[in-house]
Amino acid sequence: MLDIKALRQDPHAIEKALQRRNPDFSIDAVLAIDEKRRALLQEEEVLRNQRNALNKELATLKKAGENADAVMETAKAISERIKAIESEKDALAEEQDRIVMSLPNLPHESVKDGNSEEDNEEIRRWGCDFKARPLAEVPPHWETGVALNWIDFERGVKLAKSRFSVFRGNGALLVRSLIRLMLDVHTTQHGYEELVLPLLVNEASMTGTGQLPKFGEDMYKVAEDDLYLIPTSEVPITNLYRDEIVEASQLPMQFTAHTPCFRREAGSAGRDTRGLIRQHQFDKVELVHITTAESSFDALEALTSHAERILQILELPYRVVSLCTGDIGFSAAKTYDIEVWMPSQGVYREISSCSNTLDFQARRMNLRYRSAEGEKPQFCHTLNGSGIAVGRTIAAILENYVIDAHTLRIPKALVPYMNGLEHATF
RNA sequence: GGAGAAGUGUCCGAGUGGUCUAUGGUGCAGUCCUGGAAAGACUGUGUAGGGGUGACUCUACCGAGAGUUCGAAUCUCUCCUUCUCCGCCA
């Protein structure tokens, strides 16, 4: 959520920043509503003050047993006016909220202008030396996955619907091994606290991180209980301290968690229909930082490097890109995507997305910290990133580690987790 | 799921329609006292939004929301949470 005070103070600058995302943004309507609402608020407060005075007078009169009809008459009239003003004011506040809550975050100045992922800026590449594997033509990961009998796409569809799948045997073990490896690295080497979280969350949590009110159609909703299946564990992790004031000494906080994630993929019909790239349910290990304004950009570099570390340990080639204004997400001020090399298609595919949301989410969820005793509480900065998506990592392994027509090598770091398995043949 | 009880400030806890600052204690901070400390005394002590250069001041907040009333922590309704008992259950 953008700061309404900043919006009031410097509307032109904020509108210009928003228009870097989309030239259609205008904040005139919000400002007009805000002005009206504040005028009503002032009027209401004056009236309340008058009514409080009259009520005090009334109490004294009643106690003395004197006639209070005239005063009561006046008080009644004031109360009626307050009621009228209040309902008008509430309607305006609701409208203002609705608009402000659906405005995205301002892109950071270091983010390049652009319309789509074509305009993203490549920051660095890693592991390009071993990008070219011996096999000239690498089959797509879904063929290898099925040939190994590690992935059963058809029965996943039978059990649920398309874009659901089943992992079996060493394929299931691979899922578990990746989750364990990632959590182990983040907790023992990068200083994260591990969490096990609710997979269903309420509307307030979804609003806090920015999924609601705008992106409700992307999520599975359990209507009967007013709960949503999480599209990412960013939601329950970041909302952990919602509506709280934390002590500066508790910051920065670093959390990691493995959860399944659920997405309806409403707008992606026909895209990535084969394989593990775009599933309705997938496993992910998430990284979240809750920190201060002073350190959030350093935290973004750290968080990104923590996600990269997993790819380095797995020896998967990747590159890091900085998203342009047209590709960056709703809540983010700046985002680095990490893209893994997929040899069957000869392209890099997103496997992690690391964002600094500044105080955008913290303001929505009223998450604050006190920098020192007696100081006013101020909003935290929150960051999140995948560390990393498990399904897409498996896809990358099933392509980058095919060493001949019938052999898949297991990444060295995974062998202990895979009960010593070094190769799988198909 | 059924029956009952409760939710007040950091915490404990009083308050069942009206005296502007929501009793009292506790915790915390400051001052006094002291050689120093403890004890004691006094003062202050949350959040948000307004107004004023400022000392300050106004408005709202007693789990959440709605209602009754000139006036609600207090009465009514709905919801949430916790506790006790019963039922069901990995």
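So that the names make sense, note that chain A is the first sequence line, chain B the second, and so on, each numbered from 1. Both backbone and side-chain heavy atoms feed into the values below; hydrogens, waters and symmetry mates do not.
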Using the [atom1] atom in both, what is the distance from [N] to [M], to the nearest Å?
N: B:G13; M: B:A38; atom1: P; result: 29 Å
N: B:G49; M: B:A66; atom1: C1'; result: 23 Å
N: B:G65; M: B:C11; atom1: C1'; result: 27 Å
N: B:U8; M: B:G71; atom1: P; result: 27 Å
N: B:A22; M: B:U74; atom1: C1'; result: 12 Å
N: B:G67; M: B:G17; atom1: P; result: 23 Å
N: B:U47; M: B:G30; atom1: C1'; result: 23 Å
N: B:U23; M: B:C80; atom1: C1'; result: 29 Å

Rounded distance (Å) that lies between atom [atom2] of [N] and atom [atom1] of [X]:
X: A:E73; N: B:G71; atom1: CD; atom2: C1'; answer: 15 Å
X: A:N55; N: B:A72; atom1: CG; atom2: P; answer: 8 Å
X: A:D243; N: B:U81; atom1: CG; atom2: P; answer: 16 Å
X: A:I82; N: B:U68; atom1: CD1; atom2: P; answer: 15 Å
X: A:E244; N: B:U10; atom1: CD; atom2: P; answer: 13 Å
X: A:M72; N: B:U69; atom1: CE; atom2: C1'; answer: 9 Å

message: Any side-chain N or O of A:K83 below 4.0 angstrom from OP1/OP2 of B:G71?
response: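 Answer no for this pair, as no side-chain N or O of A:K83 is under 4.0 Å from OP1 or OP2.
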query: Between A:S79 and B:G71, does any side-chain N or O lie under 4.0 Å from OP1 or OP2?
result: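 A:S79 to B:G71 OP1/OP2: side-chain N or O found under 4.0 Å.
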Name the pairing partner of [N], where a pair is Watson-Crick or G-U wobble with both distances under 3.5 Å, or state none.
N: B:C11; value: B:G25
N: B:G67; value: B:C75
N: B:A90; value: none
N: B:A3; value: B:U84
N: B:A60; value: B:U47
N: B:G30; value: B:C42

query: What orientation do A:H186 and A:H190 show, parallel under 30°, tilted 30 to 60°, or perpendicular over 60°?
result: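 Rings of A:H186 and A:H190: tilted, as their planes differ by 30° to 60°.
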task: Would you please classify the geometry between the A:F360 ring and the A:F330 ring as parallel, tilted or perpendicular, with 30° and 60° separating the classes?
output: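 A:F330 and A:F360: perpendicular rings.
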- request: Sorted by first residue and then second, give each ring pair (Phe, Tyr, Trp, His ring centres under 6.0 Å) pair with at least one member in residues 234-273 of chain A; sequence neighbours left out.
  value: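 Sorted result for residues 234-273 of chain A: empty, none.
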query: Got a sec, which residues hit salt bridge (charged side-chain N to carboxylate O under 4.0 Å, His left out) with A:E234, two or more places apart in sequence or on another chain?
result: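 With neighbours one apart ignored, the set is empty.
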- prompt: Are A:Y192 and A:H289 an aromatic pair by the rule of ring centers under 6.0 Å?
  reply: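 A:Y192 vs A:H289: aromatic centres under 6.0 Å.
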message: I'd like to know if the side chain of A:N170 and the backbone of A:L173 have a donor-acceptor N/O pair within less than 3.5 Å.
response: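 Such a contact is absent between A:N170 side chain and A:L173 backbone.
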- request: Using a 4.0 Å heavy-atom cut-off, write out nucleotides 47-64 of chain B from 5' to 3' as B (base contacted by protein), S (sugar-phosphate only) or - (no contact).
  value: SSBS-------BBS----
- request: Determine, for A:K76 against A:E80, whether the closest basic-nitrogen to carboxylate-oxygen distance falls under 4.0 angstrom.
  value: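 No, this pair does not count.
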- request: Would you mind checking if A:K112 and A:D119 are paired as a salt bridge, meaning a charged N to carboxylate O distance below 4.0 Å?
  value: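 No, A:D119 and A:K112 are not salt-bridged.
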